[in-house]
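The shown structure was predicted, so the numbers you read here are calculated from the model rather than taken from an experiment.
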Amino acid sequence: LQTCFIWHGRPEERAAGRENSKKVFYFARQYGLLDLADRDQPTCHSWLHHLAPGEHVDSSRWQWETWVEQEKRSRVMFLIFLLDAALTIYFNCESEFDPMEIRLPLPCDDAAWDATDAQSCAQALGLHGTELQATKNISGSLRLKQLEMHHMLSALHDVSVTLEPQMTNVYSKFILIH
């Protein structure tokens, strides 16, 4: 709602939207949206989102419902981050978030997010092999778990790091640009 007021409202609504956005930023911090859900939040603690690099993938541990809930949490935080970036870029407001403090994997590929059931999502993620994944996910990064935002930003700033094709999907690139 704040975003709608800022971009589409009358001058007084735009001003109120900018001012009230501070509450949104406050709640994002209060509810821990800058980090993945912990084990004490069983409805949105996703094993796959917590997967460490090189960790064995046990597809039996994946639960679509908790994966979706964590992905929703992450996408809400990225939307809040983009609101903060827009306020900084277009309205000269002081930024509320340091991008390096956001400890979330970038959003999943569209094919996984748009899946209407657990089976289709698992296939798009590659939990049933790369051959099946290639038929479901034709334009994404094809990563089981996306790189974390702060790691990707560090890699982009490090001249010694060589970035390979398909390290991020289109939405992730949009977030990183901002």
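- E101 and E96 make their closest contact through OE2-O, 4.0 Å (heavy atoms, listed as atom of the first residue, atom of the second, distance).
- At least one donor-acceptor pair under 3.5 Å links the side chain of N20 to the backbone N or O of A16.
- Open room surrounds OH on Y26; 12 or fewer heavy atoms of other groups in view lie less than 6.0 Å from it.
- At a threshold of 4.5 Å between non-hydrogen side-chain atoms, the residues W64 and Q119 do not count as touching.
- Between R14 and G9 the shortest heavy-atom distance is NH1-O, 2.7 Å.
- We find the CG-CD distance between L153 and E148 to be 11.5 Å, quoted to the nearest 0.5 Å.
- For the residue pair S141/N169, the side-chain donor-acceptor check at 3.5 Å is not satisfied.
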Open item on the list: Under the criterion side chain to side chain contact (heavy atoms under 4.5 Å, CB included), I'd like the reasoning laid out for L106 against L176: C-alpha separation, chi angles, the key distance, then a yes or no.
Closed with: CA-CA 9 Å; L106 290 160; L176 292 168; 4.0 Å; yes

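- For K173, the NZ atom is densely surrounded, since the number of other residues' heavy atoms within 6.0 Å is greater than 12.
- A side chain to side chain contact (heavy atoms under 4.5 Å, CB included) with H128 holds for exactly one of L125, T130, L132; it is L132.
- Side-chain heavy atoms closer than 4.5 Å link hydrophobic residues (I, L, V, M, F, W, Y) into clusters, and following such links, even through other members, never connects F91 to L79.
- Put simply, the side chain of W113 does not reach to within 4.5 Å of the side chain of P107, judged on heavy atoms.
- Judged by distance alone, with hydrogens and angles left aside, the side-chain atoms of D38 form no donor-acceptor pair with the main-chain N or O of D40 at under 3.5 Å.
- Looking at W62 and V57, their side chains never come closer than 4.5 Å, going by heavy atoms from C-beta outward.
- Remark: I80 CD1 to Q2 CD distance equals 11.0 Å, nearest 0.5 Å.
- Residue E12 places its CD atom among more than 12 non-hydrogen atoms of other residues, nucleotides or ligands, all under 6.0 Å distant.
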- [ ] Determine, step by step, whether L34 and M77 satisfy the side chain to side chain contact (heavy atoms under 4.5 Å, CB included) criterion, reporting the C-alpha distance in whole Å, the side-chain angles of both residues, the deciding distance to 0.1 Å, and the verdict.
- [x] CA-CA 7 Å; L34 282 77; M77 186 57 226; 3.9 Å; yes

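- Separation of atoms CD (E94) and CG (D84) is listed at 9.5 Å; rounding is to 0.5 Å.
- Remark: the backbone N or O of A37 is paired with a side-chain donor or acceptor of H50 at under 3.5 angstrom.
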TODO: Dump the intermediate steps for side chain to side chain contact (heavy atoms under 4.5 Å, CB included) on F25 and L87, then the final yes or no.
DONE: CA-CA 12 Å; F25 303 146; L87 289 172; 3.9 Å; yes

- [ ] Evaluate the criterion side chain to side chain contact (heavy atoms under 4.5 Å, CB included) for residue pair F174 and F78; output intermediate values, then yes/no.
- [x] CA-CA 10 Å; F174 181 78; F78 286 122; over 6 Å; no

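- Hydrophobic clustering places V68 together with L51 (ILVMFWY residues linked when any side-chain heavy atoms are closer than 4.5 Å, directly or through intermediates).
- Between the side chain of D109 and the backbone N or O of A111 there is no donor-acceptor pair closer than 3.5 Å.
- Cluster annotation: L33 is connected to M100 through the hydrophobic network of ILVMFWY side chains, with a link wherever side-chain heavy atoms come within less than 4.5 Å.
- With hydrophobic clusters built from ILVMFWY side chains whose heavy atoms lie under 4.5 angstrom apart, V76 shares a cluster with F97.
- Remark: the backbone N or O of C108 is paired with a side-chain donor or acceptor of R75 at under 3.5 angstrom.
- In this structure a side-chain-to-backbone donor-acceptor pair under 3.5 Å is missing from Q133 to L127.
- Of all heavy-atom pairs spanning I102 and F81, the tightest one is CD1-CD1, 3.6 Å.
- Minimum interatomic distance between G140 and Q166 (heavy atoms only, all atoms of both residues): O-NE2, 2.9 Å.
- The nearest pair of heavy atoms linking A124 to N137 is O-ND2, 3.2 Å.
- To the nearest 0.5 Å, atoms OG1 (T66) and NE2 (H49) are separated by 9.0 Å.
- Under a hydrophobic clustering in which Ile, Leu, Val, Met, Phe, Trp and Tyr are joined whenever their side-chain heavy atoms come within less than 4.5 Å, directly or via other members, I89 and W7 fall into the same cluster.
- Within a 6.0 Å radius of CG in N92, no more than 12 heavy atoms belonging to other residues, nucleotides or ligands are found.
- When atom types are taken as modelled, the side chain of R18 and the backbone of I6 share no donor-acceptor pair closer than 3.5 angstrom.
- Judged as a side chain to side chain donor-acceptor pair (under 3.5 Å), and not counting sequence neighbours, D114 has no contacts.
- Side-chain N/O atoms of H8 and E13 include no donor and acceptor closer than 3.5 Å.
- The environment of CD in E131 is sparse: at most 12 heavy-atom neighbours from other residues, nucleotides or ligands sit within 6.0 Å.
- Annotation: the span from W47 atom CH2 to R39 atom CZ amounts to 11.5 Å, rounded to 0.5 Å.
- K145 contributes atom NZ, which lies 8.5 Å from atom CG of L147 (distance to the nearest 0.5 angstrom).
- For the residue pair D58 and S60, the shortest heavy atom distance occurs at OD1-OG, 2.6 Å.
- Exactly one of R73, Q70, E69 qualifies for a side chain to side chain contact (heavy atoms under 4.5 Å, CB included) with Q41. That residue is R73.
- Using a 4.5 Å heavy-atom threshold, the side chains of R103 and D35 count as touching.
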